[in-house]
Each structure stands twice: as C-alpha cells, then as structure tokens.
Number of protein chains: 2
Amino acid sequence: MTGRKQSGVALYRQVAQDLIGRVDRSELAPGERLEPEGRLAERYGVNRLTVRRALEERAGIVRTEHGVGSFVAEPAVRHRIDDGEASLSESMARRGISVRHHVLAVAQVEPASVEFRFVRYLEDEPWSIGEVQVPAALAPAGWDGSNSVFAAMSAEHAITIKRAETAFGAALAGPEEAGWLEVPVGSALLEVRGFNTDQEGRVVASFAHRIRGDRAEYVVRLPQ
Amino acid sequence: MTGRKQSGVALYRQVAQDLIGRVDRSELAPGERLEPEGRLAERYGVNRLTVRRALEERAGIVRTEHGVGSFVAEPAVRHRIDDGEASLSESMARRGISVRHHVLAVAQVEPASVEFRFVRYLEDEPWSIGEVQVPAALAPAGWDGSNSVFAAMSAEHAITIKRAETAFGAALAGPEEAGWLEVPVGSALLEVRGFNTDQEGRVVASFAHRIRGDRAEYVVRLPQ
DNA sequence: GCAGATTTGTTCGTATGTATG
DNA sequence: GCATACATACGAACAAATCTG
C-alpha cells in the first residue's frame with residue numbers, strides 16, 4: 001500500500017481490495033486467521049479504524065470474532081429447492097453434510113399453533129436462524145433438533161410435506177441474528193419465507209429463515 | 001434517549017433502534033428528510049460518528065445522499081417469478097409500475113456474446129443493477145432501455161424466452177452498486193442469477209441482478 | 001478459578017476532503 | 001465563491017470477549 005491518498009480511492013477500500021486480492025490469489029486460505037487489526041494497520045500504514053472499515057466492507061469474505069480475531073470465510077453452500085424435498089435438512093444429509101439444530105424456543109402462539117425458533121448448523125457452522133409455525137395438532141412432541149421439524153412431523157403423523165410458496169429477500173443481520181450466526185452485525189442475510197402444504201394441499205407450516213449470505217445460495221429450476 | 005451508556009447496548013444501536021421506532025410509528029414518513037447528522041448527534045447527545053453508525057445500521061430503512069441529507073426509504077416491491085414471464089419488466093408493466101433502464105455498457109465478450117450492463121428503475125427509483133449476456137446473433141440491435149433486453153430480443157427475433165434456472169443469494173452493496181442504487185455502501189442486496197432458454201430449451205441468455213434488499217422480494221410458487 | 005495478555009468493539013474529539021445547492 | 005452536509009481518516013481511550021498460564 002504505497003499510494004496512500006491522492007489516488008481518489010478511499011484508503012479503507014484500498015485495504016479491502018488488497019485483502020480480497022490476497023484471498024483470490026489464495027495467499028489466504030479459507031479458515032485462515034488474519035493478523036490482528038492493530039498489526040494490519042501498521043502494515044498498511046493506516047489507522048486501526050480504517051482497517052476495521054475494510055474488514056466490514058468484506059464481511060462476506062472475512063469473518064471476525066470478538067476477542068479472538070479475523071478469519072477468511074468458507075465458500076457458499078448451494079441448495080436446490082425444486083428437488084421435491086420440503087426441508088433443507090434432508091437434501092443436505094443426502095449430500096453428506098451434517099445438519100443439526102439448536103432450539104432457541106418453543107412457544108404456543110395464536111389459537112392453536114406452535115412456533116419453533118432455532119439455529120441451524122451445517123457441518124457445525126451456524127448457517128441460519130429460523131422460525132417454523134405448525135398447527136398444534138401436528139407439532140412434533142419432543143423435537144430435539146437432530147433432524148428437521150418437518151421430518152419429525154412426518155414421522156409422528158402420516159403426512160408428506162411439500163413446498164408451496166417461497167419468497168426471497170435480503171436483509172442485514174441485527175444484533176441477535178449476528179450473535180447466533182457468528183457474523184458481524186450488518187452482514188448480508190438471505191431471507192427465505194413461505195409456507196408448506198401436505199399431500200392434499202392443506203397448509204401445514206409456515207417458515208422464515210434468515211441465512212448467512214456468505215454461505216447460502218438457493219437454486220430454483222422452474223418447470224418448462 | 002435517556003439511558004446513554006450503562007444499558008449494555010451500544011449507543012449507536014440505541015440510536016438506530018429509536019430511528020426505526022420513529023419510522024414504525026409513522027412519525028417519519030417514507031421520503032421524509034432527516035435532520036443533518038450533526039443535529040441528530042446533538043439531539044441524542046452522542047458523537048456524530050455514532051449517529052453515522054446508526055444510519056449505516058439502518059441502511060435499509062434510511063438512505064443517505066452525499067452532500068444532501070438522509071431520507072426515510074420506501075417499502076418493498078414483491079415480484080413473482082413463476083407467472084411465465086421471463087423478465088420482471090413485463091410483470092411490473094402489467095401491474096402499472098413503470099420500468100426503465102439506464103444502460104451502463106454494451107460490450108462484446110467471449111467468442112460471440114454481447115453483455116448489457118444497466119441500472120433498472122421502478123417508478124423512477126433505482127431498483128437493481130444487472131448484467132445480461134446473450135449470443136451476439138440474438139442481441140437486440142438498438143436497445144434503448146425503455147423495455148427489457150428480453151422484450152427487445154423477442155421483438156427482433158421470433159423467440160419466446162423462458163426462465164430456466166434461478167439462484168438467490170444475499171450480498172452487501174459495494175461502492176459502485178451503492179452509487180447507482182443510491183443506497184449506502186454495505187446495504188443488503190438480493191442477488192438473483194440464472195439463465196434463460198427459448199421455447200425449444202436452448203440457452204439464450206444468462207443474467208445477474210443485484211437488487212436493493214429494501215425494495216425487493218421474489219416469490220416462487222412451486223408446482224405440486 | 002483467576003489474573004493478565006491479547007484482540008476485537010465502541011466512543012469520543014478532531015481534521016480535512018468532496019459533493020450539492 | 002460560499003455555506004451546508006456527507007465522506008474519510010487519524011489518534012486516543014476504555015469496554016468486552018477470549019485465551020493462556
């Protein structure tokens with residue numbers, strides 16, 4: 001970083017650009033730890049705050065942990081939602097990717113619905129924070145998070161769950177989400193919301209997931 | 001804002017929370033201008049930097065313009081992609097929403113492809129920045145952005161364009177995107193990528209859009 | 001379990017550059 | 001040109017989380 005100012009490009013972007021370059025050129029491998037902010041600041045000859053801005057800028061490529069350090073993030077997981085599986089868990093399990101859930105809350109809501117809130121982990125990495133609402137009559141009794149809510153539902157009751165409508169949006173991670181997903185506040189999240197039906201078209205679940213944008217990609221192939 | 005520190009919640013988040021609250025309670029209407037950062041800082045009794053962090057935090061709800069001011073953003077537009085239309089432009093036009101494009105670049109790429117880069121405006125508000133690649137043989141000759149690239153293609157050649165595969169992801173706005181979309185750097189973007197085929201299943205286009213997360217929502221209804 | 005070192009997180013004050021009207 | 005308002009950058013300090021001995 002010789003140019004310092006003058007170039008017309010903000011310093012923090014120059015730093016961000018250099019970091020990206022080092023990742024692209026594989027000088028920094030996924031999972032690898034970066035030098036502390038202070039040291040990076042010295043190395044680039046800028047203020048520590050400037051380094052921090054650069055790291056924020058690259059929130060998708062670099063992940064930081066309070067009191068620990070910054071690390072190069074891993075690439076994304078692609079997930080198809082047109083393969084007939086209603087839940088991500090089964091698709092991933094079939095691909096040999098371990099899925100587990102940490103149950104945050106199980107609450108009775110409305111007349112007769114139960115809401116599950118949970119964090120989903122893929123390969124022991126936090127991947128999404130989700131909410132699923134199902135009719136109380138169909139709620140899986142002792143869901144322990146080892147499989148999906150839907151799988152538990154299907155097992156306890158004789159129903160097949162299908163995707164009906166799915167909506168995609170983008171959002172920024174708030175404090176709580178950031179905490180569970182171990183990403184900085186303000187990271188990009190893919191928001192996936194929708195509802196599911198059983199084999200006879202009855203709505204049996206609605207869901208909302210906020211998924212780490214640096215990990216997630218949903219693929220839809222529409223029928224011709 | 002009485003609590004100042006102590007509460008365990010970062011000051012900038014308290015400010016951000018208060019701003020969100022004022023928007024939710026409709027004390028601030030969409031499009032309305034906020035007080036200058038300096039004045040907000042005084043009012044909340046914090047440093048101007050702290051106000052700036054709060055505004056960044058709420059990039060989806062508040063939009064700032066260099067040298068002008070900060071404004072409350074407008075709510076989102078829902079878009080269905082399973083209605084047979086290959087392009088958003090036609091769907092929106094049918095809903096009475098004006099769509100136009102600002103062409104950033106038209107470039108010859110690869111052996112025989114043409115790439116269009118453009119900013120899409122809905123109701124004269126920047127909505128997405130996109131790239132479309134089509135075979136040179138099918139490229140619309142004098143696309144002026146008044147309709148979609150696909151519409152122009154269909155008109156010039158006798159083909160029907162269908163969606164084939166679409167992938168969704170989330171990303172943060174980089175400097176260039178932020179500039180065109182008139183959002184702060186680091187805002188949430190919905191990334192939609194994929195390709196299209198003609199009526200006979202031949203790939204005739206690939207596309208990548210980065211859409212303002214505060215404006216966009218894509219809805220997919222999968223066939224039963 | 002605790003104390004200290006390390007590292008990131010937050011906040012302030014201040015200065016200067018740049019875009020807009 | 002000038003005033004206003006946002007953009008970038010620096011230095012300093014302390015808080016909070018984590019790790020180590």
Side-chain angles (χ1 to χ4, degrees), chain A residues 1 3-17 19 32-59 62-73 173-176 178-180 182-187, chain B residues 1 3-17 19 32-59 62-73 173-176 178-180 182-187:
Chain A
M1 191 76 27
R4 295 196 62 84
K5 193 62 184 175
Q6 258 97 46
S7 64
V9 179
L11 268 180
Y12 74 91
R13 279 192 206 150
Q14 294 181 38
V15 174
Q17 203 54 48
L19 287 174
E32 188 172 344
R33 182 191 194 133
L34 270 60
E35 292 179 290
E37 295 171 353
R39 203 116 57 209
L40 285 175
E42 281 179 45
R43 190 178 297 279
Y44 285 114
V46 300
N47 189 276
R48 197 185 127 217
L49 269 178
T50 304
V51 169
R52 283 177 63 72
R53 284 211 70 171
L55 293 175
E56 282 170 30
E57 182 96 342
R58 295 308 173 194
V62 173
R63 143 186 70 92
T64 71
E65 293 178 28
H66 190 168
V68 183
S70 297
F71 305 84
V72 180
E176 201 206 337
W180 286 112
E182 297 174 16
V183 294
V185 170
S187 298
Chain B
M1 189 79 24
R4 295 198 58 85
K5 191 65 184 174
Q6 257 97 45
S7 63
V9 179
L11 269 181
Y12 75 89
R13 278 193 206 149
Q14 295 181 37
V15 174
Q17 204 54 47
L19 286 173
E32 189 172 344
R33 183 193 194 124
L34 268 62
E35 294 179 288
E37 293 172 352
R39 203 115 58 208
L40 285 174
E42 280 179 46
R43 189 178 297 280
Y44 285 114
V46 300
N47 188 276
R48 203 184 123 222
L49 250 182
T50 306
V51 169
R52 283 178 62 72
R53 287 215 67 173
L55 292 176
E56 282 170 30
E57 181 93 344
R58 294 310 173 193
V62 174
R63 145 185 69 91
T64 69
E65 293 179 28
H66 191 165
V68 182
S70 297
F71 305 84
V72 179
E176 201 207 337
W180 285 112
E182 297 174 16
V183 296
V185 170
S187 299

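To find a chain, count down the sequence lines: A is the first, B the second, and so on, and within it residues start at 1.
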Inset, instruction - Looking only at non-hydrogen atoms, find the nearest pair between Tyr12(A) and Thr50(A) and report the distance. - result: CB-O, 3.6 Å
Inset, instruction - Run through Val62(A), Leu19(A), Val51(A), Leu40(A) and flag the one making a side chain to side chain contact (heavy atoms under 4.5 Å, CB included) with Ser70(A). - result: Val62(A)
Inset, instruction - Quickly work out the Glu35(A) CD to dT8(C) P distance and round it to whole Å. - result: 10 Å
Inset, instruction - Find the distance Leu49(B):CG to dT10(C):C1' and express it as a whole number of Å. - result: 10 Å
Legend entry - Toward the 5' end of DNA chain C, by each residue's nearest nucleotide, Val68(B) or Gly69(A): Gly69(A)
Inset, instruction - Please round to the nearest 0.5 Å and tell me the distance separating atom CZ of Arg52(A) and atom CD of Glu56(A). - result: 6.0 Å
Inset, instruction - Please determine if a side-chain N or O atom of Thr50(A) lies less than 4.0 Å away from the OP1 or OP2 oxygen of dC10(D). - result: yes
Legend entry - Polar pair under 3.5 Å, donor/acceptor by atom type, side chain His66(B), base dA7(D): no
Legend entry - Donor-acceptor pair present, Arg48(B) side chain and dA7(D) base, under 3.5 Å: yes
Legend entry - Exercise: identify the closest heavy-atom pair between Ala16(B) and Ala54(B): N-CB, 3.6 Å
Legend entry - Whole-Å gap separating P (dT7(C)) and CD (Glu42(A)): 12 Å
Inset, instruction - Verify the contact: side-chain N or O of Arg52(B) to OP1 or OP2 of dC6(D), cut-off strictly under 4.0 Å; return yes or no. - result: no
Legend entry - Euclidean distance, atom CZ of residue Arg13(A) to atom C1' of dG17(C) [Å, nearest integer]: 14 Å
Legend entry - Base dG9(C) paired with Arg53(B) side chain (donor-acceptor, <3.5 Å): no
Legend entry - Whole angstrom value for the distance that separates C1' of dT8(C) from CD of Glu37(A): 5 Å
Inset, instruction - Between Glu65(A) and Gly67(B), name the one whose nearest nucleotide on DNA chain D is closer to the 5' end. - result: Gly67(B)
Legend entry - Interatomic distance where CZ belongs to Arg39(A) and P belongs to dA5(C) [whole Å]: 16 Å
Legend entry - Residue list, side chain to side chain donor-acceptor pair (under 3.5 Å) with Arg48(A), at least two apart or on another chain: Glu37(A)
Inset, instruction - For the side chain of Asn47(B), starting at C-beta, report the closest nucleotide among dC12(C), dT8(D), dC6(D). - result: dC12(C)
Inset, instruction - Could you state the atom-to-atom distance from CD of Gln17(A) to P of dT8(D) in whole Å? - result: 15 Å
Inset, instruction - Take atom CG of Leu55(A) and atom P of dT10(C), then tell me their distance rounded to the nearest Å. - result: 13 Å
